[in-house]
2 protein chains.
Amino acid sequence: MIDQNIKIAVDAIVFGYEKGTLYVLAVQQRFGKLADRWVLPGGFILDDEPLLIAVERELKEEAGITVNYLEQLATFGDDVHRDERFRVISVAYFALVNPKNFVLKADTDAKDAKWFPVTKIPQLGYDHNAMVNLAHQRLKSKLTYQPIGFDLLDEEFLFSDLENLYCSILERDIDRRNFRKKILSFGIVTETDKVVKMGASGRPGKLFTFDKTKYNQLLKENFQFDIRFA
Amino acid sequence: MIDQNIKIAVDAIVFGYEKGTLYVLAVQQRFGKLADRWVLPGGFILDDEPLLIAVERELKEEAGITVNYLEQLATFGDDVHRDERFRVISVAYFALVNPKNFVLKADTDAKDAKWFPVTKIPQLGYDHNAMVNLAHQRLKSKLTYQPIGFDLLDEEFLFSDLENLYCSILERDIDRRNFRKKILSFGIVTETDKVVKMGASGRPGKLFTFDKTKYNQLLKENFQFDIRFA
DNA sequence: TTAATTTGTGTTAAAACAACACAAAGTTAA
DNA sequence: TTAACTTTGTGTTGTTTTAACACAAATTAA
């Protein structure tokens with residue numbers, strides 16, 4: 001049996017969105033050389049543990065959350081000294097969650113868990129800033145060809161919420177009318193009969209929901225979600 | 001230091017294209033339980049070896065080739081028993097090469113190396129068929145939004161070569177005129193003054209080249225290569 | 001009751017796409 | 001040497017999609 005002395009970890013870049021701001025979850029390390037440093041939630045996997053399960057476990061342990069969307073992002077293993085203690089290869093995961101659904105609570109290894117606005121991320125341990133950058137790019141591009149924005153919103157949302165989410169994450173203006181037309185044309189967003197008054201003033205708006213079942217149906221018929229425009 | 005007993009390998013899905021057929025490179029194992037079985041080129045990484053270097057080394061050792069394009073595809077580590085001997089997590093890489101540039105020669109660990117048409121891939125060892133499927137999908141989708149087709153062709157090619165490559169890999173008809181118009185409109189393919197007679201009969205055609213420098217320039221100006229259409 | 005805010009809706013000009021056919025340059029076979 | 005065949009090369013047009021744009025309706029705050 002070959003001799004190899006490398007450890008494997010998983011890390012997660014968890015995005016949350018609230019009122020026009022995109023956040024990334026970080027945890028503060030309790031032990032070790034990097035104690036007190038902010039890092040991405042993650043850790044070593046167990047010998048008999050699938051990668052995906054490991055990420056979910058770490059997110060639960062370190063921040064007390066369960067995400068809405070989770071996919072593998074990339075594996076970081078070219079820099080042999082990305083962890084200065086010994087060689088660690090890390091499989092990074094990309095995740096989305098609605099921050100309202102959870103109260104962050106650091107548990108086992110983490111001293112604290114906190115949402116950082118994506119524009120104000122401190123220097124993180126290891127190569128975690130690079131991971132965040134890659135994940136941020138992925139979020140931006142994926143938003144245009146997969147309906148993942150809904151995983152960042154409440155079950156029921158105003159059309160303006162969806163629109164603002166797109167505007168702020170893609171960092172550009174979007175024509176409100178064209179956006180609504182396009183999204184509605186897909187038939188995957190349905191209008192509820194609930195009407196809600198915005199916090200402040202203005203005409204009340206209808207609440208909408210994402211119809212995942214309909215979306216999965218359409219996928220089989222070769223439907224392609226796509227909104228890169230105006 | 002944590003105790004973990006997992007090995008890390010890399011594997012490569014190398015695509016080659018020739019005369020309307022897409023091929024995948026496989027090697028025949030010389031030793032071990034899977035002796036004589038066809039598998040993807042790959043192997044365990046060294047303790048101080050970056051992942052990318054490991055893939056390049058294995059491709060050189062097992063098949064004697066250097067690829068034109070190489071990128072990380074995905075990491076396979078959810079099935080804890082994908083290797084029945086002990087737990088191995090494999091980082092799969094996606095690669096493109098022009099088969100004409102090399103004569104395959106198995107070297108160190110491999111008994112033989114061979115191109116299989118992507119439609120006639122035998123049962124491979126481990127979960128390598130799943131890797132090939134994922135890579136094949138990636139190739140298809142990437143072909144439409146990144147100019148990677150050129151890495152499968154000769155330096156100089158006929159327009160019909162490019163068109164046939166797209167047709168056969170995407171498995172659909174493409175209008176010859178619209179295709180040419182679109183590609184030429186990007187300005188990244190330049191006409192040489194060489195004219196070549198096709199093997200058999202027919203009017204001789206001009207040779208074209210992919211202008212990578214121009215493409216990189218355009219990228220800075222927010223150019224987006226894209227051909228999903230007729 | 002007036003001003004301010006937010007939702008909701010339709011038209012039009014411009015651009016991109018899809019569909020389509022024939023002439024030119026060469027080879028092969030009669 | 002001519003006719004048949006093969007492959008390259010090129011433009012136009014109708015249809016669809018996209019981009020740009022403004023005003024009325026419902027509510028709150030002053």
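Scope of the values below: all heavy atoms of this structure, side chains included, with no hydrogens, waters or symmetry mates. Proteins come first, then strands; the chains are lettered A, B, ... in the order of their sequence lines, and each starts at number 1.
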Please produce a list of atom pairs where a protein N or O lies less than 3.5 Å from an N or O of nucleotides 11-16 of chain C.
unit_1, atom_1, unit_2, atom_2, d
C/dT11, O4, A/Lys181, NZ, 3.0

Parallel, tilted or perpendicular, as decided by the 30° and 60° cut-offs, for the rings of B/His136 and B/Phe15: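 B/Phe15 vs B/His136 ring planes: tilted.
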B/Phe157 vs B/Phe150 aromatic rings, parallel, tilted or perpendicular, using cut-offs 30° and 60°?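 B/Phe157 vs B/Phe150 ring planes: tilted.
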Check the phosphate of [N] against [X], side-chain N and O only, distance under 4.0 Å to OP1 or OP2. Yes or no?
X: A/Ser201; N: C/dT6; answer: no
X: B/Arg203; N: D/dT6; answer: no
X: B/Arg180; N: D/dT10; answer: yes

Is a side-chain N or O of A/Asp78 found less than 3.5 angstrom from the main chain of B/Leu51, in a donor-acceptor match?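 Yes, the answer is positive, given that a donor and an acceptor are paired below the 3.5 Å cut-off.
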Any donor-acceptor pair under 3.5 Å from A/Tyr17 side chain to A/Asn98 backbone: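 Judged by distance alone, no pair lies under 3.5 Å.
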Could you check how far [atom1] of [X] sits from [atom2] of [N], rounded to whole Å?
X: A/Asp226; N: D/dT18; atom1: CG; atom2: C1'; value: 12 Å
X: B/Phe179; N: D/dT8; atom1: CZ; atom2: P; value: 13 Å
X: A/Phe159; N: C/dT9; atom1: CZ; atom2: C1'; value: 13 Å
X: A/Arg228; N: D/dA19; atom1: CZ; atom2: C1'; value: 16 Å
X: A/Asp173; N: D/dA20; atom1: CG; atom2: C1'; value: 13 Å
X: B/Asn164; N: D/dT8; atom1: CG; atom2: P; value: 8 Å
X: A/Leu162; N: C/dT7; atom1: CG; atom2: C1'; value: 15 Å
X: B/Arg177; N: C/dA24; atom1: CZ; atom2: P; value: 16 Å

What verdict does the side chain to side chain donor-acceptor pair (under 3.5 Å) test give for B/Tyr215 and B/Gln217, after you've listed the backbone C-alpha separation in whole Å, the side-chain angles of each residue and the deciding distance to 0.1 Å? CA-CA 5 Å; B/Tyr215 173 63; B/Gln217 252 177 261; over 6 Å; no
Among the nucleotides C/dG26, C/dC20, D/dA26, which one has an atom lying closest to any side-chain atom of B/Pro204?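 Looking only at side-chain atoms, B/Pro204 lies closest to C/dG26.
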Heavy atoms from C-beta onward define the side chain here; which of D/dA20, C/dG8, D/dT10 lies closest to that of A/Asp175?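 The closest nucleotide is D/dA20.
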How close do B/Phe208 and B/Leu184 get, heavy atom to heavy atom, and via which atoms?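 That would be CE2-CD2, 4.4 Å.
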Distance only, no hydrogens: is a donor on one side chain within 3.5 Å (strictly under) of an acceptor on the other, for A/Ser90 and A/Asp11?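 Side-chain D/A pair, A/Ser90 to A/Asp11: present.
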